[in-house]
Amino acid sequence: MDTVALQSRRIVSGMRPTGQLHLGHYHGVLKNWVKLQHEFDCFFFVADWHALTTHYEDSGVIEDSVWEMVIDWLAAGIEPSAASLFLQSKVPEHAELHLLLSMMTPLSWLERVPTYKDQQEKLKEKDLSTYGFLGYPLLQSADILIYRAGQVPVGEDQVAHVELTREVARRFNHLYGREKDFEEKATAAIKKMGKKNAKLYNNLRKSYQEQGDAEALATARELLKNQQNLALGDMERLFGYLEGAGKVILPEPTSLLTPASKMPGLDGQKMSKSYGNTISLREPEDSLADKIKRMPTDTNRVRRSDPGDPDRCPVWQLHEVYADEDQKQWVQEGCRSAGIGCLDCKGPLIDAVSAELRPMRERANDLSEHPEDVRRIIDDGTAKAREVAQETLTEVRTAMGLTYK
Ligand code: TRP
Ligand code: SF4
């Protein structure tokens with residue numbers, strides 16, 4: 001069953017606060033968020049609880065990175081008027097939903113998520129045989145489901161977590177989407193659409209259920225989405241009723257795969273803190289120039305008069321990100337003919353990175369001087385997030401029979 005995310009315009013994504021952001025984050029994630037914020041109803045949050053699963057022994061890093069991360073987001077162009085920004089731990093509804101979902105999530109589903117074993121292997125120096133770490137992807141499911149998000153922008157490595165989220169949502173709806181008087185409530189809801197639409201809905205439902213007509217299903221869903229006078233609860237019933245199931249309380253989200261970026265670092269490997277090859281988003285001008293000047297080049301080019309090969313040079317990889325066609329040609333020809341030296345070659349690169357970072361550095365400096373502005377942005381975002389989260393949680397509690405006083 002592929003239940004449609006009702007709020008398909010809503011997207012949710014989080015980032016773990018475990019250190020300073022660098023150009024790899026910008027080109028890999030943030031640039032995409034900046035674009036999405038104008039196309040969707042976005043909820044972006046600092047996943048501080050997720051950071052704790054791997055950094056519980058040195059939680060100080062988290063404390064130091066949380067506000068800096070928000071500053072970096074804003075500096076990179078995330079606009080608080082376009083996206084709701086908040087901290088995970090300020091919306092305790094995530095935790096309650098995580099707990100409730102944990103009751104019905106089979107252990108084996110969590111054990112077989114690929115990142116579970118991979119990360120334990122990779123981070124051998126840490127003891128990750130904890131309850132919290134096993135539950136990492138389920139906490140992520142709660143992050144997503146609490147907003148009933150339609151799509152989740154993530155990188156390839158996180159797709160399995162969104163898959164798990166779908167399975168958990170399906171199981172939840174299966175277990176708790178059944179109301180005693182579901183059939184009667186659904187029938188009553190259909191009537192509320194008016195004669196014409198009710199008839200259309202019934203016919204489409206019949207075509208889907210009797211002939212498996214997928215187009216009829218899609219049309220019926222569109223029809224439902226456009227019903228202004230249906231309450232959310234009725235809408236969910238009718239989405240579920242289409243497929244003969246119960247109410248859809250937690251819609252299944254899909255991954256919105258972030259276009260792969262292999263932002264190269266200073267040594268030609270992927271830019272990553274663990275390789276020590278990063279340029280930070282707030283890299284000062286002089287240290288930026290210095291870092292690029294020190295970059296290794298084609299090792300066969302020993303003397304200035306030796307021709308080089310850009311394919312063997314990390315500097316070229318950065319040119320591929322920043323240079324226009326003319327500049328690329330200038331590098332290719334100049335390098336292969338020894339017409340330019342490596343420092344000449346690095347000049348326009350320093351200029352390009354510097355031009356990209358300058359406005360970010362300035363915005364970040366401004367924000368650092370006004371921490372109260374940053375807090376206010378987070379307070380506003382948190383309020384918006386909690387409103388949605390509380391609404392979902394109320395429905396979840398009701399469905400599970402947890403409303404006794
Ligand atoms: N696990 C994600 C990562 O490491 C961060 C994250 C936490 C997240 N909760 C989320 C991403 C919810 C998307 C949606 O990148
Ligand atoms: Fe690399 Fe440029 Fe030097 Fe060629 S000229 S080796 S591309 S830095």
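One-based numbering along the sequence shown.
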Given the rule in the side chain to side chain contact (heavy atoms under 4.5 Å, CB included) test, do Val388 and Arg10 qualify, once you have shown the distances and angles that lead to the verdict?
CA-CA 11 Å; Val388 179; Arg10 196 177 285 156; 3.3 Å; yes
CA sep, side-chain torsions, deciding dist, call: Met271, His27, side chain to side chain contact (heavy atoms under 4.5 Å, CB included)
CA-CA 10 Å; Met271 189 179 283; His27 286 273; over 6 Å; no
Would you kindly say whether [X] and [Y] are connected by a side-chain donor-acceptor distance under 3.5 Å?
| X | Y | result |
| --- | --- | --- |
| Gln211 | Asp213 | no |
| Tyr26 | Glu356 | no |
| Gln390 | Glu93 | yes |

Closer than 4.0 angstrom, basic N to acidic O: yes or no for [X] and [Y]?
| X | Y | value |
| --- | --- | --- |
| Lys90 | Asp48 | no |
| Arg376 | Asp373 | yes |
| Glu372 | Arg375 | no |
| Glu243 | Arg170 | no |
| Lys124 | Glu121 | yes |

What distance separates [X] [atom1] from [Y] [atom2], expressed to the nearest 0.5 Å?
| X | Y | atom1 | atom2 | result |
| --- | --- | --- | --- | --- |
| Glu163 | Glu252 | CD | CD | 9.0 Å |
| Asp64 | Met69 | CG | CE | 12.5 Å |
| Lys206 | Tyr201 | NZ | OH | 14.5 Å |
| Leu238 | Ile190 | CG | CD1 | 5.5 Å |
| Trp33 | Trp73 | CH2 | CH2 | 4.0 Å |
| Glu320 | Lys328 | CD | NZ | 5.5 Å |

Hey, are the side chains of [X] and [Y] touching, using non-hydrogen atoms and a 4.5 Å cut-off?
| X | Y | value |
| --- | --- | --- |
| Pro314 | Gln269 | no |
| Leu110 | Pro137 | yes |
| Ser141 | Glu167 | no |
| Met263 | Leu318 | yes |
| Leu23 | Val353 | yes |
| Val315 | Cys345 | yes |
| Asn202 | Lys199 | no |
| Trp67 | Leu87 | yes |

Just wondering, more than 12 heavy atoms not from Glu63 lying within 6.0 Å of its CD?
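Count not over threshold, so no.
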Polar side-chain atom of [X] near backbone of [Y] as donor-acceptor pair, under 3.5 Å:
| X | Y | result |
| --- | --- | --- |
| Gln120 | Leu128 | yes |
| Asn173 | Leu250 | yes |
| Asp306 | Val302 | yes |
| His319 | Pro348 | no |
| Gln37 | Gly77 | yes |
| Ser59 | Tyr56 | no |
| Asn277 | Ser272 | yes |
| Thr53 | Trp49 | no |
| Asn226 | Glu222 | yes |
| Arg237 | Ala189 | no |

Check the pair Arg221 / Leu224 against side chain to side chain contact (heavy atoms under 4.5 Å, CB included), numbers first and verdict last.
CA-CA 5 Å; Arg221 284 172 172 170; Leu224 283 179; 5.6 Å; no
Checking side chain to side chain donor-acceptor pair (under 3.5 Å) against Thr54, which of Arg16, Lys126, Gln119 comes through?
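Filter result, single survivor: Arg16.
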From the options Lys247, Lys185, Glu183, Glu236, select the one residue that forms a side chain to side chain donor-acceptor pair (under 3.5 Å) with Tyr241.
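So, applying the side chain to side chain donor-acceptor pair (under 3.5 Å) to Tyr241 and each of Lys247, Lys185, Glu183, Glu236, only Glu183 qualifies.
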Considering non-hydrogen atoms only, spot the tightest contact between [X] and [Y] and give its length.
| X | Y | result |
| --- | --- | --- |
| Ser65 | Gly19 | OG-N, 3.2 Å |
| Thr394 | Thr398 | O-OG1, 2.7 Å |
| Pro106 | Arg171 | CD-NE, 4.0 Å |
| Val321 | Pro264 | CG2-CD, 4.0 Å |
| Pro153 | Val12 | CD-O, 3.4 Å |
| Pro80 | Leu74 | CD-CD2, 3.8 Å |

Going through the checks in order, is the side chain to side chain contact (heavy atoms under 4.5 Å, CB included) test met by Val46 and Ile378?
CA-CA 10 Å; Val46 180; Ile378 291 296; 5.7 Å; no
Intermediate values then yes/no, salt bridge (charged side-chain N to carboxylate O under 4.0 Å, His left out), Glu387 and Lys384:
CA-CA 5 Å; Glu387 198 181 308; Lys384 282 193 214 132; over 6 Å; no
Using 30° and 60° as the class boundaries, would you call the ring planes of Tyr136 and His161 parallel, tilted or perpendicular?
tilted
Students often mix this up, so state it plainly: with edges at 30° and 60°, are the rings of Phe86 and Phe45 parallel, tilted or perpendicular?
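Correct class here is parallel.
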Compile the donor-acceptor pairs under 3.5 Å between side chains in residues 283-293 and protein atoms, sequence neighbours left out, one pair per line.
{"residue": "Glu283", "atom": "OE1", "partner": "Ser280", "partner atom": "N", "Å": "2.9"}
{"residue": "Glu283", "atom": "OE1", "partner": "Lys291", "partner atom": "NZ", "Å": "3.2"}
{"residue": "Glu283", "atom": "OE2", "partner": "Ser287", "partner atom": "OG", "Å": "2.4"}
{"residue": "Glu283", "atom": "OE2", "partner": "Lys291", "partner atom": "NZ", "Å": "3.4"}
{"residue": "Glu285", "atom": "OE1", "partner": "Arg361", "partner atom": "NH1", "Å": "3.4"}
{"residue": "Glu285", "atom": "OE2", "partner": "Ser354", "partner atom": "OG", "Å": "2.4"}
{"residue": "Asp290", "atom": "OD2", "partner": "Arg294", "partner atom": "NE", "Å": "3.1"}
{"residue": "Asp290", "atom": "OD2", "partner": "Arg294", "partner atom": "NH2", "Å": "3.3"}
{"residue": "Lys291", "atom": "NZ", "partner": "Thr278", "partner atom": "O", "Å": "2.9"}

Which residue is it: Val29, Ile71, Asp72? I am looking for the one with a side-chain contact (heavy atoms from CB on, under 4.5 Å) to Leu21.
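Of the listed residues Val29, Ile71, Asp72, the side-chain contact (heavy atoms from CB on, under 4.5 Å) partner of Leu21 is Asp72.
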Residues which pass side-chain contact (heavy atoms from CB on, under 4.5 Å) with Glu96, listed by chain and number, not counting sequence neighbours
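So Glu96 forms a side-chain contact (heavy atoms from CB on, under 4.5 Å) with Leu100, Leu393, Arg397.
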